[in-house]
Amino acid sequence: MIAVDADEAGDRYADVIRATWPQAGRVDWPSGQDPTDVAAARGLAHVAQLIAEPRDEPQRIWILDSGDYAILDHDGWSTIRSKAPIKARLVRVGHTPAEARQLLDMVPPARAMVCDPTTTGPIIWSHPPKLNTWRGLGTEIEPGRSFGVLSDLLRHLVGDDEAGVKWLLDWLALPLASLWSGKGAFRTGVAVVLYGTQGTGKGWLGELLRALYGRHWLTIGQSQIEDKFAPAELENCLMLVANEVASGHAGREAATLNRLKSWVTEENIQIRAMQQRARMTPIAFNLVFCSNSLSPVRIESHDRRYTFFEQRRPIPDELIDRLRAEKRAGWPSARGLLAALVLRDVPRQMMKPHANAARSTQLDLCVASDEAFAAELADLGIELVARHWLNDLAIRNQMAPAPHEWRKHADGVASLHMAALHAIYSAWSKAHGYRHPARASTIAEVIIRRVDGAKRGRPTVDGTRARGLVGLPFGPRDPAPAEPKDGSKAAKAAGGWAN
């Protein structure tokens, strides 16, 4: 086999050699990649690598249990379903078509491609072997390098909350330090949710995470969250950025909320590839949500999976200019930030979210209709809460049966039938914008837990005995003080307002 330049000089060399070995085959080096050109441009070591390609190329090809072929190149593993591209590669490095077909029949098997950050070796020699996609972080560490522009970005995103900056740095540091030290992936169990108006700089955090994690960073949208994603990308991901999610809407399906919960905390999730049955797959990524929605992710009471940061101020133009210059330069400050993060002393394990005003706001926004109704009932009493129902009846020109729908007792509590309770709750939900009211049994149980003295019973109301609730407050729990008749000091002392 003769490997010569693809030019006139190569033709002359081939003619001379064939005079001695008439059966010798010829392989042309691609233009600009012949030994002379490559040695002048990239050194003799690269020439040796090119010469070894015919021998090494078959060793970089494996067949997976899924039937796909995996090929190792300078960027890591990639998969190909068809044999034709692989045959072309083998022929390109010097094998005949017959040899290429024979080599494909001898390709070694591997179970799957996995991301194992405990080693940078391309093959995990288990039984059967697995192919490792981990090739290290997206950048190197450079201790002592300044990263002031990135610190300013993080401080702006958390609303200049110094405690929030420390929490976010700790959250970034733990997974990166674990990866850099070779201990493997680390999941914090808490997702970061950045929300606010457009132009506040949320997208720049995604760019920074891409520089830190390299090919193990992934961004998805709402459609991918709803089960339209590439499974292999999710398995290879160590930092997931979800852009423009809006799972806090009242009508959002519970399945999406449950999927987000599992993505944040579970070690394995269910993945369903196209035309295949679902399978459980280990995941190792941490999660960042970025959204312009006022309620980006639905959060339940006592839920510890999400830390919220709200930013309403647009990112300053001066900071944008610095970030653009940083991006054009290839994020050199990321090397300094990475060094500071992997060497950072983190005194916590991040299992608790950061408590701030943004989290309190989200808890208030995401209160379920039954919880909100029970709270208002406890504060105002059934007489005032039922006004929405009475208004509906008046609009429809129906007789208001309110005096006969509940029974007021001498001690200031009321009894109510279950049918009337759910009718009042449904009207209240409609007036407050809730599109999916709970069932009667559910709202009754929530009221019993939230309203002091409320319990199940069979009250007699207007001569009819039926299932319902007793012990409900009839009027406000803390009635407003009576308005004073004058502006005297005595009236002010009693808590009234003087005119």
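Everything numeric in this text was worked out from a predicted model, so none of it was measured.
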Test log, rule side-chain contact (heavy atoms from CB on, under 4.5 Å), inputs Thr79 and Met113: CA-CA 9 Å; Thr79 57; Met113 289 172 43; 3.3 Å; yes

Can Thr96 and Val91 be said to form a side-chain contact (heavy atoms from CB on, under 4.5 Å), step by step? CA-CA 6 Å; Thr96 65; Val91 171; over 6 Å; no

How far apart are the C-alpha atoms of Arg187 and Ile283, what are their side-chain angles, what is the distance that settles it, and do they pass the side-chain contact (heavy atoms from CB on, under 4.5 Å) test? CA-CA 9 Å; Arg187 305 198 73 202; Ile283 56 174; 3.6 Å; yes

Thr133 vs Trp77, side-chain hydrogen bond (donor to acceptor under 3.5 Å, both in side chains): CA-CA, chis, key distance, verdict: CA-CA 6 Å; Thr133 61; Trp77 291 102; over 6 Å; no

Go through it in stages, so that I can follow the logic: the residues are Leu194 and Val158, the test is side-chain contact (heavy atoms from CB on, under 4.5 Å), and I'd like the CA-CA distance, side-chain angles, deciding distance and then a yes or no. CA-CA 8 Å; Leu194 303 175; Val158 303; 5.5 Å; no

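Between Trp204 atom CH2 and Cys290 atom SG the span is 13.5 Å, to the nearest 0.5 Å. Note: Ser429 OG to His436 NE2 = 11.5 Å, rounded to the nearest 0.5 Å. Atom OG1 of residue Thr307 and atom NZ of residue Lys352 lie 11.0 Å apart, to the nearest 0.5 angstrom. For the atom pair CG (Leu179) and CG (Leu338), the distance works out to 10.0 Å, reported to the nearest 0.5 Å. A distance of 9.0 Å separates CZ in Phe289 from CZ in Phe308, rounded to the nearest 0.5 Å. Atom CZ in Phe147 sits 11.0 Å away from atom CG in Leu208 (nearest 0.5 Å).
Here the side chain of Asn132 pairs a donor or acceptor atom with the backbone of Gly121 at under 3.5 angstrom. Thr265 places no side-chain N or O within donor-acceptor distance of the main-chain N or O of Ser262, the cut-off being under 3.5 Å. Using a distance-only test at 3.5 Å, with no hydrogens or angles considered, a donor-acceptor pair links the side chain of Ser178 to the main chain of Gly184. Using a distance-only test at 3.5 Å, with no hydrogens or angles considered, no donor-acceptor pair links the side chain of Arg155 to the main chain of Glu162. Counting only distance, with no hydrogens or angles, the side chain of Arg305 and the backbone of Pro353 share no donor-acceptor pair below 3.5 Å. Between the side chain of Gln362 and the backbone N or O of Leu294, at least one donor-acceptor pair lies under 3.5 Å. When atom types are taken as modelled, the side chain of Asn286 and the backbone of Phe186 share a donor-acceptor pair closer than 3.5 angstrom. Between the Tyr434 side chain and the Ser426 main chain, no donor and acceptor come within less than 3.5 Å of each other. Proximity of a side-chain donor or acceptor of Ser181 to a complementary backbone N or O of Ala177 within less than 3.5 Å is detected. Between the side chain of Trp217 and the backbone N or O of Val241, no donor-acceptor pair lies under 3.5 Å.
With a 6.0 Å radius and a threshold of 12 heavy atoms from other residues, nucleotides or ligands, Arg344 has its CZ atom above the threshold. A 6.0 Å sphere centred on CD of Glu376 holds more than 12 heavy atoms belonging to other residues, nucleotides or ligands.
With respect to the salt-bridge test (charged N to carboxylate O, under 4.0 angstrom), the residues Arg322 and Asp152 qualify. Ion pairing between Arg328 and Glu326 fails under the 4.0 Å rule for side-chain N and carboxylate O.
Looking only at atom types and distance, the side chain of Tyr195 has no donor-acceptor partner in the side chain of Ser295 under 3.5 Å away. Side-chain atoms of Lys202 and Asn292 form a donor-acceptor pair, as typed in the model, at a separation below 3.5 Å.
When side chains are defined from C-beta on, Glu235 does not count as touching Pro282, because their heavy atoms never get closer than 4.5 Å. Residues Arg145 and Pro332 meet the side-chain proximity criterion, which asks for heavy atoms closer than 4.5 Å. For the pair Leu176/Leu137, a side-chain contact is recorded, criterion being any heavy-atom separation below 4.5 Å from C-beta on. With contacts defined as side-chain heavy-atom distances shorter than 4.5 Å, the pair Leu154/Leu150 does not qualify.
Between Arg313 and the options Thr197, Thr200, Asp160, a side-chain hydrogen bond (donor to acceptor under 3.5 Å, both in side chains) holds for only Asp160.
In this structure, Arg81 forms no cation-pi arrangement with Tyr69, as its terminal cationic atom is not both closer than 6.0 Å to the ring centre and no more than 45° off the ring axis.
Classification of the Trp134-His216 ring pair by plane angle, with boundaries at 30° and 60°, yields tilted.
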